[in-house]
Amino acid sequence: MTKQAGLRLAELLSVAEQDIVFTDSGAAALTLALRAVRRTADDEVLLPTFACPRILDAVQAADLTPVLCDVDDTGNIDAEDVRARLSTCSRAVIAGHTFGLPADLGALRDLCAETGLHLIDDAAQTLGTSFQGKPVGTWGSYGILSFGRHKPVFAGGGGALVRTGGPTVTAGRTAPTGWAAGAGSVARACFLDALRSVSSSLPVRLGLQPVPSGDVPAVMERAVTRMDLHASLPWVGAAFLVDQLTRLDRYQRRQQRHLARVRTAVEGHPELRFPALATRQAVNFLALHCSPQRRHNIAAHLSRAGVETTWLYYPLHRVRRYTHAWVNRGSFPGAENLWPRTLCVPCRGWHSDAQIDRLIDGLTTAGTRRSVTYG
Ligand SMILES: Cc1ncc(COP(=O)(O)O)c(C=O)c1O
């Protein structure tokens, strides 16, 4: 059954079956990918602040230094902000695809190629979606999948690592950005490159740290945290996964129908805004926007109408248990603007028409006189 699940995933992602390694969870897969690219504990990993906390947990489990980055209007890591927060210790960038909307993978891939970083394409929320015709999860050195709760393909838990290029990227080729950069910048970049490559290989040369390995099973052998103990999917999980993958197309078609109905309901609403979605774009969460002052009232109204909502995330830079865990290189105006206005509503392919009717009824009556009668 696991073989069948692997074959289906490989077909969906257009990768070889042997490049898919099942894991306990998405976070375990991410930990492995990060371990595979890790050179020293000083290596920095750039990740979005508006993201699943499990991403930051995985960076810590891999014994790397997290650098939080700001997000764009879609809630995804902003390539320009990443560029501003790079340092000579930067080693990898994680694209998390918040709400199931693909990050700008083209810009991130170019940035990583230019600066010698690994791109980790974390498709935990995006399985089955493409960006510019290429499956999300296959854009970086590694792809990450999750089959846990609130994911596009739910199999009762589990995850997978997709090996799509790592760890062959060599670190430290910081190219100048054109003539304007000038000869001085070129010399500086070359000097920094040389310095980085000498300093990063020193612990290995001195025997203080094992040679980094891109061999996934070998990395798993050295696993020391609870995140990554098993490289398999239980039989029942594999059976669920195969079943869900079989339905994926149908779910995606039905979700398009649901999204079109909700869009129509929201478009005339004075307080709600529908997100800018590309044609046939699937979502994991439908993130509507509203004014922060009205958000709780609308959420309470929906709740009374039997519809659960969420912010999905509280920005990681605001989470107290992570204070001092990450490197601070500036503020997060994008995330600060986005999270209080986000109202994620249920709109999946497996929701019935009746459930979407209830959502639409709740949305259209929110902010109107009819809403008062619920109170
Ligand atoms: C983008 C992203 N990456 C990784 C994970 C972790 O996946 P899991 O819950 O399977 O460990 C999540 C979970 O929500 C996620 O949203």
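Just so you know, ligand 1 is whichever comes first in the structure, and atom 1 is the first atom listed for that ligand.
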- Query: For F147, is at least one N or O under 3.5 Å away from an N or O on ligand 1?
  - Reply: no
- Part of C52 within contact of ligand 1 (heavy atoms, under 4.0 Å): side chain
- Task: Using heavy-atom distances, let me know which of K151, R54, R149, H150 sits nearest atom 14 (O) of ligand 1.
- Result: K151
- Under 3.5 Å between some N or O of ligand 1 and some N or O of G26? yes
- Task: Could you check atom 3 (N) of ligand 1 against the protein and tell me its nearest heavy-atom contact, residue, atom and distance included?
- Result: D122 OD2, 2.6 Å
- Per-atom filter on ligand 1: closer than 4.0 angstrom to a heavy atom of Q125 are 16 (O)
- Any side-chain heavy-atom pair from R91 and H118 closer than 4.5 angstrom? yes
- Trace of the side chain to side chain contact (heavy atoms under 4.5 Å, CB included) decision for V71 with T98: CA-CA 10 Å; V71 297; T98 300; 5.9 Å; no
- Query: Does NZ or CZ of R348 fall inside the cone over F285's six-membered ring, less than 6.0 Å from its centre and within 45° of the axis?
  - Reply: yes
- Message: Contact between ligand 1 and G148 is defined here as a heavy atom of the residue under 4.0 Å from a ligand atom; is it met?
- Response: no
- Message: Quick check: do V283 and L259 have side-chain heavy atoms less than 4.5 Å from each other?
- Response: yes
- What are the atoms of ligand 1, with element, lying closer than 4.0 Å to any heavy atom of S146? 7 (O), 8 (P), 10 (O)
- Just jot down the ligand 1 atoms closer than 4.0 angstrom to any heavy atom of G96, in number order. 1 (C)
- Query: Backbone, side chain, both or neither: what part of T98 comes under 4.0 angstrom of ligand 1, heavy atoms only?
  - Reply: neither
- Do the non-hydrogen side-chain atoms of D353 and H258 ever get within less than 4.5 Å of each other? yes
- Item | Contact atoms of ligand 1, heavy-atom distance to Y313 under 4.0 Å | 16 (O)
- Message: Please identify which of these residues, Q255, Q125, H150, meets the side chain to side chain donor-acceptor pair (under 3.5 Å) condition with N284.
- Response: Q125
- Message: Test of understanding: given a 4.0 Å heavy-atom threshold, classify the contact between A27 and ligand 1 as side chain, backbone, both, or neither.
- Response: both
- Item | Contact check, L30 vs ligand 1, heavy-atom distance below 4.0 Å | no
- Query: Got P135 and L13 here, is their nearest side-chain heavy-atom distance under 4.5 Å?
  - Reply: yes
- Query: Should F332 and D81 count as side-chain neighbours, where that means a heavy-atom distance under 4.5 Å?
  - Reply: no
- Message: Any non-hydrogen side-chain atom of L343 less than 4.5 Å from a side-chain atom of H289?
- Response: no
